[in-house]
Number of protein chains: 2
Amino acid sequence: MSEAITMSSSRPKQRIYAHLAEIASALGHPHRLELLELIAQGERSVEELAERSGLSIANTSRHLQILRRARLAEPRREGKRMLYSLISDSEVITLLGSLGRVGERNVAEVERIISSYFRARDALEPVSRDTLLERLHGGSVTLLDVRPADEFAQGHLPGAINIPLAELDAALARLPKDTAVIAYCRGPYCVLSYEAVAALRLKGREAYRLEEGYPEWKAAGLPVEA
Amino acid sequence: MSEAITMSSSRPKQRIYAHLAEIASALGHPHRLELLELIAQGERSVEELAERSGLSIANTSRHLQILRRARLAEPRREGKRMLYSLISDSEVITLLGSLGRVGERNVAEVERIISSYFRARDALEPVSRDTLLERLHGGSVTLLDVRPADEFAQGHLPGAINIPLAELDAALARLPKDTAVIAYCRGPYCVLSYEAVAALRLKGREAYRLEEGYPEWKAAGLPVEA
DNA sequence: TGAATATTCAATCTATTTGGAGAATGATTG
DNA sequence: CAATCATTCTCCAAATAGATTGAATATTCA
């Protein structure tokens with residue numbers, strides 16, 4: 001029997017798989033996926049991450065340690081704060097994108113949530129990156145970033161206007177009335193842009209949602225403004 | 001405070017992340033990564049998987065249930081056997097590839113194992129898919145599949161000769177003496193082809209390792225033979 | 001030193017891994 | 001059709017690992 005060989009009980013492979021499993025485990029908790037989405041916008045302190053994710057500070061810190069040990073994120077100290085960022089942002093964002101694609105394709109409920117919430121029938125069908133580039137080139141379109149101001153400040157799509165979702169009603173005047181609006185936010189599962197589009201449509205504006213967010217744009221190597 | 005909005009405590013997102021976390025958790029154990037590598041060669045029964053992974057049947061079955069609930073693999077019944085296969089093989093293989101790339105890039109020890117074991121200095125530097133295609137086109141190269149015969153039978157690269165690693169010494173005659181050999185096996189971390197190359201070089205043959213395996217080739221949409 | 005941030009600890013609760021025993025399912029045979 | 005066999009799944013029990021909170025402990029700044 002060639003079992004000893006066929007069995008592939010090889011040391012180097014198993015050591016590699018042990019590390020890869022640690023990375024996958026680190027992605028294996030909803031809170032950590034959300035933390036990664038937040039960190040992907042730019043470096044952020046533990047306190048901010050706790051506030052935006054709704055977790056306690058201690059728990060946030062604990063989760064961050066796990067991301068850190070798996071080499072997905074890394075902190076740097078700035079005064080009393082620890083600012084976390086992704087380690088190879090574009091590789092990590094690609095990995096998260098791939099995870100999402102498997103979910104959308106293989107898990108019926110994910111597909112259901114996406115098509116019922118993020119891709120409403122009619123004209124809410126999201127705009128792809130290529131379509132956006134085309135329409136920006138054509139001219140008459142306003143690109144709207146609805147993330148909080150500090151996330152916008154750390155990087156955004158070239159030419160985008162920042163109006164955080166909470167201020168959208170008050171700041172409507174800053175959006176040209178006669179051009180279509182394309183809104184984006186943190187990523188494919190972030191609902192800020194979805195809600196912005198709904199709100200704008202209620203006001204009679206022509207609005208669409210970009211199907212990806214700032215991190216994916218940046219990971220694709222497209223130019224960003226800071 | 002716009003916390004309720006900024007906090008992104010949105011239902012649809014959290015439901016999606018719960019599913020994605022389940023998928024990631026399913027990848028979060030070395031044994032399951034190895035099972036996936038085996039399943040990626042083609043459908044396989046619980047017994048075969050247990051034998052090749054070195055796990056007990058009960059444990060193998062348990063792990064397979066987890067892959068099943070995460071919608072990464074699926075069984076079909078054939079007589080008394082349950083044959084497991086990947087659900088969207090090319091998406092799943094892409095995900096595994098992306099996981100591997102993050103590991104190679106971010107985890108120093110993974111990079112170390114790979115370059116010391118899989119990429120020995122000199123001429124053992126692995127051959128890329130493009131190089132393979134080029135050299136196949138050029139003619140004088142023998143493509144060698146060193147996986148077990150049943151895996152070969154379920155699909156292999158066009159024109160490949162199958163000599164399972166265990167039989168390599170005995171079957172040396174089947175390899176043309178004057179052309180270089182490029183060997184491949186189950187995937188980037190599979191050691192069969194590595195050992196085949198080492199063995200062939202001991203016999204004075206010119207041999208190289210393809211840096212990817214059959215599943216990656218197939219997932220890339222390239223033609224396969226069965 | 002005191003205030004602000006982040007990490008670690010202790011405690012608790014829950015989930016995962018594993019082998020072994022046995023149940024369930026489907027094939028085979030008398 | 002019953003009896004038997006092969007294969008897979010489930011349940012059990014013990015060990016291990018993970019998640020969460022509040023309290024205690026660093027670390028830095030003023």
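In what follows, chains carry the letters A, B, and so on, assigned in the order in which the sequence lines appear, proteins first and then strands, with residues in each chain numbered from 1.
Within the model, atoms CZ of Arg209(A) and CD1 of Ile182(A) stand 12.0 Å from one another, a figure rounded to the nearest 0.5 Å. For the atom pair OG (Ser98(A)) and CD1 (Ile93(A)), the distance works out to 13.5 Å, reported to the nearest 0.5 Å.
Taking atom CZ on Arg62(B) and atom C1' on dA13(D), their separation rounds to 14 Å, with Å as the unit. Straight-line distance from the CG atom of Leu83(B) to the P atom of dT8(D): 8 Å, rounded to whole Å. Summarising the geometry, the separation between CG on Asn59(B) and C1' on dT8(D) is reported as 14 Å, rounded to the nearest angstrom. What separates CG of Leu55(A) from C1' of dT7(C) is a distance of 16 Å, to the nearest Å. If you measure from atom CG of Leu33(A) to atom P of dA19(D), you get 12 Å, rounded to the nearest angstrom. Rounded to an integer number of Å, the gap from CD of Gln65(B) to P of dT16(C) is 14 Å. The CD-C1' distance, from Glu22(B) to dA15(C), rounds to 13 Å in whole Å. The separation between Ile57(A) atom CD1 and dT5(C) atom P is 9 Å, rounded to whole Å.
Residues Arg69(B) and Ser56(B) both approach DNA chain C. Their nearest nucleotides, taken by heavy-atom distance, put Arg69(B) toward the 5′ side. Residue Glu47(B) is the one, among Ala58(A) and Glu47(B), whose nearest nucleotide of DNA chain D lies closer to the 5' end (criterion: closest heavy atom).
At the heavy-atom level, Ser25(B) lies nowhere under 4.0 Å from the strands shown. Residue contacts shown for Ile66(A) are limited to sugar-phosphate atoms, with no base heavy atom under 4.0 Å away. Among the atoms of the strands shown, base atoms are found under 4.0 Å from some heavy atom of Ser61(B).
More than 12 heavy-atom neighbours from other residues, nucleotides or ligands sit within 6.0 angstrom of CZ on Arg129(A).
Relative orientation of the His156(B) and Phe152(B) rings is parallel, given thresholds of 30° and 60° on the angle between their planes.
Put simply, His29(A) has no side-chain N or O that comes within less than 4.0 Å of OP1 or OP2 on dA17(D). When the side-chain nitrogen and oxygen atoms of Tyr84(B) are compared with OP1 and OP2 of dC9(D), one or more of them lie within a distance under 4.0 Å. For the pair His63(B) and dT16(C), the criterion of a side-chain N or O lying under 4.0 Å from OP1 or OP2 is not met. Listed pair Arg77(B) / dA27(C) fails the phosphate criterion, with no side-chain N or O lying under 4.0 Å from OP1 or OP2.
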Report the C-alpha distance between Arg52(B) and Glu151(B) in whole Å, list the side-chain angles of each, state the deciding distance to 0.1 Å, and finish with yes or no for salt bridge (Lys or Arg N to Asp or Glu O under 4.0 Å). CA-CA 12 Å; Arg52(B) 285 176 200 200; Glu151(B) 296 182 16; 2.5 Å; yes
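Each of dT7(D), dT28(D), dT20(D) was ranked by its minimum atom distance to the side chain of Lys80(A); first place goes to dT28(D). Ranking dC9(D), dT20(D), dA6(C) by closeness to the Met82(B) side chain, first place goes to dC9(D).
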